[in-house]
Amino acid sequence: MSSSSAIQAVRGMNDVLPDEIAYWQHIETIWRRLMTQYAYQEIRFPLVEAASLFQRSVGETSDIVEKETYTFADRNGDLLTLRPEGTAVCVRALVQHSVLQQQPVQRLWYMGPMFRHERPQKGRYRQFHQLGLEAFGMHGAAIEAEILLLTTRLWQELGLSALFKLQINSLGTPGTRAAYRAALVAYFTQHHAQLDEDSQRRLDKNPLRILDSKNPAMTAVLQNVPQMTDYLDEVARAQLNQLCAYLDKAGIAYEINSRLVRGLDYYTGLVFEWVTEHLGAQATVCGGGRYDNLVAELGGPASEAVGFSIGMERLILLLQAQQNLSSPVPDVYLLNVGELAEQNALKLAEDLRLALPDLSLLVHCGGGGFKSQFKKADKSGAKIALILGDDEAKQTTVTVKYLREEREQVTVPQYEMVEFFKKELGLRIED
RNA sequence: GUGGCCGUAGCUCAGCUGGUAGAGUGCCUGACUGUGACUCAGGUUGUCGUGGGUUCGAGCCCCAUCGGUCACCCCA
């Protein structure tokens, strides 16, 4: 433990050190490739927004806005909020720039940190990272199926398919949702005595949320609760069936969970979650749904929309449990001992890097004898130690020593090194 | 915001019913003065998270506080 005077990171905000970075980059690389394959475009937007954006979109009564946002006054008194999620910000950006008027159909993705002031626990932090995707201007189940196929592909590419289950539900239209909500309130009011403390509180605020209570004492009441699917109108039911047909055809297993609700107010129609049993209490790695009214509510043209977000940290926990990724190591560690060698090492390295763009070459800096430089070469993980001592420097040669295999070391003229590495490491040469 | 568990060397941890700190690993040096990884020998590190209390005496007991972790609420 470090001394008490050292400054630490803010609670719930984590550093990602180099030995962990391979997992992030692996996911990001696959994600970018997928997004290109499916023809989604990246969008970037600020971390800080007007506080009112989230009150109007995520919902004033939602816990996220009520007690979990980082909200503070700017120097001029404006209330600002560190974004707790991406969807509302994405919509704000599209509305502000009139993007949907010019091109109503949009397939977009984003990636970056989000902020919620909650107590940290496994897979949940105050600054966390989401991969998100939003598709605009498309009605029907096809686009819904597309994004579920796409997430399925992502799990496959990451080798995590076996860990995930897909749950889907439909929240219906605003009309049917209100009717269902009324029925729920009536039911729960009738059984008020059986509700736990949390659920009693939720009864007037957000009765839908009582449905996914984790309290075992609530299972009895929830057993006979009115089913959301019974309240869907024809259109919503047909669309859910159509989505199921698409998923069946693609061979994607799913479960219709009529108690699946989501905490953000803007959802309409489809909601879904990819859940896992391998992350303790944090089952949801990817959650999303349709939000056909949000664009208009934020001042844009009426526009249907569907999207989801993935919790990066949660995905990484799964990935780490599944496979070991190590950070890349240099191909070559260039030792230089002696005055003449030290003077020539950087130039030699520059020439090699220029000619061999794929070569990862680490030049030893900071002096030291052969022994200590070799120790560092070994620890760097490099396959090859390139030795530039005074003898080599005088003769414009360099000695190649193999650190990971039993082979004689060889001394080679410096002008032959490009060709040597090309053969030895299978590298391409810059023309 | 609420609750359980945990804070001893850079890391992983040991430390008896209270008697003023230890191992492994890492790191540095040497054996091998131009050769790592293996072996051997030496060296190196702590306000025992912090503050207070009890005691002749606290790493150990008590209180507070901070941090970590897991869970609740909520969510990715």
Undergrad: Among B/G36, B/G67, B/G34, which nucleotide sits nearest the side chain of A/D391?
TA: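 Given the options B/G36, B/G67, B/G34, the side chain of A/D391 is closest to B/G34.
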Undergrad: Atom CG of A/L163 to atom P of B/A76: distance rounded to whole Å?
TA: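 One finds 20 Å between P of B/A76 and CG of A/L163, rounded.
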Undergrad: Under 4.0 angstrom, heavy atoms only, what part of the nucleic acid is A/G280 near: base, sugar-phosphate, or nothing?
TA: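 Answer is sugar-phosphate: A/G280 comes under 4.0 Å of backbone atoms only.
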Undergrad: So, the side chain of A/T36 versus the backbone of A/R32: is there a donor-acceptor pair under 3.5 Å, distance only?
TA: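 Such a contact is found between A/T36 side chain and A/R32 backbone.
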Undergrad: Is NZ or CZ of A/K383 both nearer than 6.0 Å to the six-membered ring centre of A/Y333 and within 45° of the ring axis?
TA: no
Undergrad: For a quick test of reading the model: is some side-chain N or O of A/K401 closer than 4.0 Å to OP1 or OP2 of B/G34?
TA: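 Checking A/K401 against B/G34: no side-chain N or O falls below 4.0 Å of OP1 or OP2.
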Undergrad: I want to verify a distance call: between B/G67, B/C74, B/U35, whose nearest atom is closest to the A/Q409 side chain?
TA: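 Closest of the options to the side chain of A/Q409: B/U35.
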Undergrad: Pick the C1' atom in B/C61 and in B/G46, then give their distance to the nearest Å.
TA: 23 Å
Undergrad: Distance only, no hydrogens: is a donor on one side chain within 3.5 Å (strictly under) of an acceptor on the other, for A/E392 and A/T411?
TA: no
Undergrad: Taking any heavy-atom pair under 4.0 Å as a contact, classify A/Y125: base, sugar-phosphate, or nothing.
TA: base
Undergrad: Report the C-alpha distance between A/S258 and A/T229 in whole Å, list the side-chain angles of each, state the deciding distance to 0.1 Å, and finish with yes or no for side-chain hydrogen bond (donor to acceptor under 3.5 Å, both in side chains).
TA: CA-CA 6 Å; A/S258 62; A/T229 37; 4.7 Å; no
Undergrad: Using the P atom in both, what is the distance from B/C66 to B/U50, to the nearest Å?
TA: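 That atom pair is separated by 15 Å.
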Undergrad: Specify the separation, in whole Å, of atom NZ of A/K375 and atom P of B/G36.
TA: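 From A/K375 NZ to B/G36 P: 8 Å.
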Undergrad: What's the closest nucleotide to the side chain of A/K376 if the choices are B/C70, B/A76, B/C28?
TA: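 Taking heavy atoms from C-beta onward, the closest nucleotide is B/C28.
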Undergrad: Between A/W155 and A/W274, what is the ring plane arrangement, given parallel below 30°, perpendicular above 60°, and tilted in between?
TA: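 Taking A/W274 first and then A/W155, their aromatic rings stand perpendicular (interplane angle over 60°).
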Undergrad: Using whole Å, what does the distance between atom P of nucleotide B/G34 and atom CG of A/L334 come to?
TA: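 Taking atom P of B/G34 as the reference, CG of A/L334 is at 18 Å.
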Undergrad: What is the separation between atom CG on A/N14 and atom P on B/G67, rounded to the nearest whole Å?
TA: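 My rounded result for the distance is 14 Å.
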Undergrad: Roughly how many Å apart are B/C63 and B/A58, using the C1' atom of each and rounding to a whole number?
TA: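 Each nucleotide's C1' atom is 15 Å from the other's.
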Undergrad: When the P atoms of B/G24 and B/U44 are considered, how many whole Å apart are they?
TA: 15 Å
Undergrad: B/C11 P sits how many Å from A/D19 CG, rounded?
TA: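 Nearest whole value for this atom pair: 13 Å.
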Undergrad: On RNA chain B, nearest-nucleotide positions of A/H117 versus A/C286: which is more 5'?
TA: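 Result: A/H117.
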Undergrad: Give a yes/no answer on whether the side chain of A/Q121 brings an N or O atom under 4.0 Å of OP1 or OP2 in B/A71.
TA: yes
Undergrad: Which base sits across from B/A23 as a Watson-Crick or G-U pair, both distances under 3.5 Å?
TA: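 B/A23 is paired with B/U12.
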Undergrad: On RNA chain B, does the nearest nucleotide to A/K379 precede the nearest nucleotide to A/V285 from the 5' side, or the other way round? Give the residue.
TA: A/K379
Undergrad: Looking for any heavy atom pair under 4.0 Å, which part of the strands does A/E392 touch: base, sugar-phosphate only, or nothing?
TA: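 A/E392: base contact, heavy atoms under 4.0 Å.
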Undergrad: Could you tell me the separation between the CD1 atom of A/I310 and the CD1 atom of A/I27, rounded to the nearest 0.5 Å?
TA: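 Nearest 0.5 Å value for the CD1-CD1 distance: 9.0 Å.
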Undergrad: Of all the nucleotides listed (B/G67, B/A71, B/C32), which has the minimum atom distance to the side chain of A/K371?
TA: B/C32
Undergrad: Mind checking A/V337 for me? I need base, sugar-phosphate or nothing, with any heavy atom below 4.0 Å counting as a touch.
TA: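 Nothing: the residue A/V337, judged by heavy atoms under 4.0 Å, touches no strand.
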Undergrad: What is the distance, rounded to the nearest whole Å, between atom CE of A/M13 and atom C1' of B/G68?
TA: 16 Å
Undergrad: What's the closest nucleotide to the side chain of A/K122 if the choices are B/C70, B/A76, B/A37?
TA: B/C70
Undergrad: Just name whichever nucleotide pairs with B/U33, Watson-Crick or G-U, keeping both distances under 3.5 Å, else none.
TA: none
Undergrad: Between B/G67 atom C1' and A/I7 atom CD1, what is the distance in whole Å?
TA: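 These atoms are roughly 15 Å apart.
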Undergrad: Does A/N293 reach the side chain of A/P174, with side-chain heavy atoms less than 4.5 Å apart?
TA: yes
Undergrad: Can A/H192 and A/F188 be said to form a ring-ring contact (aromatic ring centres under 6.0 Å, His included), step by step?
TA: CA-CA 6 Å; A/H192 195 266; A/F188 284 129; 9.9 Å; no
Undergrad: Which nucleotide, B/G68, B/C28, B/A76, lies nearest any side-chain atom of A/R11?
TA: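 My answer, after comparing the listed nucleotides, is B/G68.
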Undergrad: Which part of the nucleic acid, if any, lies within reach of A/I387 when heavy atoms closer than 4.0 Å are counted: base, sugar-phosphate only, or nothing?
TA: base
Undergrad: Provide the Watson-Crick or G-U wobble partner of B/C28, both distances under 3.5 Å; none if there is no partner.
TA: B/G42
Undergrad: Using the P atom in both, what is the distance from B/C5 to B/C11, to the nearest Å?
TA: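 Straight-line distance between the two P atoms is 25 Å.
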Undergrad: Does any donor-acceptor pair link the side chain of A/R124 with the base of B/C74 at a separation under 3.5 Å?
TA: yes
Undergrad: Under the criterion of centre distance below 5.5 Å and interplanar angle below 30°, is A/F370 classified as stacked on the base of B/G34?
TA: yes
Undergrad: Which listed nucleotide (B/C72, B/C74, B/U35) is nearest to the side chain of A/A281?
TA: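 Nucleotide nearest to A/A281's side chain: B/C72.
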Undergrad: Can you tell me how far C1' of B/A37 sits from CG of A/D378, to the nearest Å?
TA: 4 Å
Undergrad: Of the nucleotides B/A71, B/G36, B/A76, which one has an atom closest to the side chain of A/E118?
TA: B/A76
Undergrad: Expressed in whole Å, how much space separates the C1' atoms belonging to B/G7 and B/G59?
TA: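 Here B/G7 and B/G59 have their C1' atoms 11 Å from each other.
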Undergrad: Could you check which of B/C73, B/G3, B/G36 has an atom nearest any side-chain atom of A/R119?
TA: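 Closest nucleotide to the A/R119 side chain: B/G3.
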Undergrad: With both distances under 3.5 Å as the test, what is the Watson-Crick or G-U wobble partner of B/G3?
TA: B/C70
Undergrad: Rounding to the closest angstrom, what is the interatomic distance between B/G53 and B/G43 at atom C1'?
TA: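 Taking atom C1' in both B/G53 and B/G43, they lie 41 Å apart.
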Undergrad: Taking the C1' atom in each of B/A31 and B/G68, what is the distance between them to the nearest angstrom?
TA: 44 Å
Undergrad: A/V285 and side chain to side chain contact (heavy atoms under 4.5 Å, CB included): which partner among A/L160, A/L317, A/L163, A/L279?
TA: A/L279
Undergrad: Is there a Watson-Crick or G-U wobble partner for B/U54 with both distances under 3.5 Å, and if so, which one is it?
TA: none
